[in-house]
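Here is the structure we will look at.
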Amino acid sequence: MFSVFPRRYPWPKDQPPNNALQGPNIWPDSDSLGEDWRDSMSALFRLMVSVNEAVARGLSLSLDLGLQDLPALCQGGDTISLLRLFHYFPYSNDAASNSNSSGGGSGGGSGTGSGNRKDDDDGSAKAVASTGSGTGEENCGNDDTGNSGGSSGSQEGSGAGNIGSSPHTDWGLSTSILQDGAGGLQFLEQATQRWVDVPCAQEDALVFNCGDYLSLLSNGRLKSPVHQVVTTGVERTSVVFFYYSIPASTPSYPSPLRATTRVPAQEQPQQTRQRRRLQRQRQPRRSQSRASRGRRSGRTTPCWTSAISSGVATLQRQQP
Ligand SMILES: O=C(O)CCC(=O)C(=O)O
Ligand SMILES: [Fe+2]
């Protein structure tokens, strides 16, 4: 796999960066990529920021918080977020047997193992291969990985395929992925511990992925799923946007959004429930914020969680 380059925020040349992640872009030679290329990438970067900001607003509401509560913790994130273009070379198991394995992971995540994607910065993955598995319920172009090893895709047994990006979670707030028709992106379904293919038939579909930071902020209510990329006999390209929060706005743990972690009413002492009921009766409902309403009622509120349904990576509403 080859990372073309990280596309960072268009930081002004005369302004010193506030932290190590900020700074001007270093663009590849424009001659080889054409005149319009930088503009296209810049426009895509801005679009990805907008999409992720909009999703953050939606997630904030789904956590029973105010519209801007979650986005407020992502202020300035666009100055350190990354847009990366990946090229996964066609890969066969024959090549794997002649290669050494080494550490993996990816530009925006933490993981183990190895892959045949070559990351050119961030000190992460080195080129090479491993025997991995990657079997999914839907074979999304994985002709030489799907179900060939008989291990049906548990994380332990992920051995039959070719790992393009080893199992990892992304550490930012969220990740948005555009993949081509080659497929290969898989999520580990928690309930079954099986790898499930993310459908790739629709090339303009944007896959949204919760990151570790979002998981921390929501006190685990939003899951940061383990995922990987398996490669096949055909080359694959993906466009991946890692949306980060700026360190200065990163709160300490536990999350200031800890109100989203609700204790079910039946688990609370009787006295506490009575006192809260009285408080609710005294306070007109109109004047209560969404968050405090949920807190006072002591109910578990629905949340969105990254999940796999019929092989589709979606955000699913989870009922209490
Ligand atoms: O290339 C992809 O589709 C996803 C890559 C990925 O998960 C990552 O770089 O963190
Ligand atoms: Fe990832």
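For ligands, and for the atoms within them, numbers begin at 1 and follow the listed sequence.
- Checking only distances, Tyr88 does come within under 3.5 Å of ligand 1, N or O to N or O.
- Numbered from 1 in the order shown, with element, the atoms of ligand 1 that lie under 4.0 Å from a heavy atom of His227 read 7 (O).
- Taking the side-chain hydrogen bond (donor to acceptor under 3.5 Å, both in side chains) definition, one finds that Ser215 meets it with nothing, sequence neighbours left out.
- Contacts of Arg84 with ligand 1, taken as heavy-atom pairs under 4.0 Å, are absent altogether.
- Using cut-offs of 30° and 60° for the angle between ring planes, the Tyr244 and Trp171 rings count as parallel.
- Within the listing of ligand 1, atoms 10 (O) sit less than 4.0 angstrom from a heavy atom of Asp170.
- In terms of modelled atom types and a separation under 3.5 Å, the side chain of Asp69 and the main chain of Leu65 share no donor-acceptor contact.
- Ligand-side atoms of ligand 1 in range of Phe86: 1 (O), 9 (O), range being under 4.0 angstrom from any heavy atom.
- A heavy-atom separation below 4.0 Å is not found between Gln228 and ligand 1.
- Remark: Thr237 engages His87, Asp180 in a side-chain contact (heavy atoms from CB on, under 4.5 Å) (not counting sequence neighbours).
- Considering Asn209, Val55, Leu173 in turn, Leu173 is the only one that fulfils the side chain to side chain contact (heavy atoms under 4.5 Å, CB included) rule with Leu214.
- Every atom of ligand 1 with a heavy atom of Ser238 under 4.0 Å away is listed here by number and element: 1 (O), 2 (C), 3 (O).
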Apply the test side-chain contact (heavy atoms from CB on, under 4.5 Å) to residues Tyr213 and Ser224: give CA-CA distance (whole Å), side-chain angles for both, the deciding distance (0.1 Å), then the verdict.
-> CA-CA 8 Å; Tyr213 180 56; Ser224 171; over 6 Å; no
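- Not a single heavy atom of Gln179 sits closer than 4.0 Å to an atom of ligand 1.
- For Asp170, the N, O or S atom with the smallest separation from the Fe ion (ligand 2) is OD1.
- For Ser62 (side chain) and Leu59 (main-chain N/O), a donor-acceptor pair under 3.5 Å exists by modelled atom type.
- Nearest to the Fe ion (ligand 2), among the N, O or S atoms that His227 has, is NE2.
- Close to ligand 1: Arg236, with a non-hydrogen atom less than 4.0 angstrom away.
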What's the verdict on side-chain contact (heavy atoms from CB on, under 4.5 Å) for Gln186 and Val229, showing C-alpha distance, side-chain angles and the deciding distance?
-> CA-CA 6 Å; Gln186 300 181 327; Val229 178; over 6 Å; no
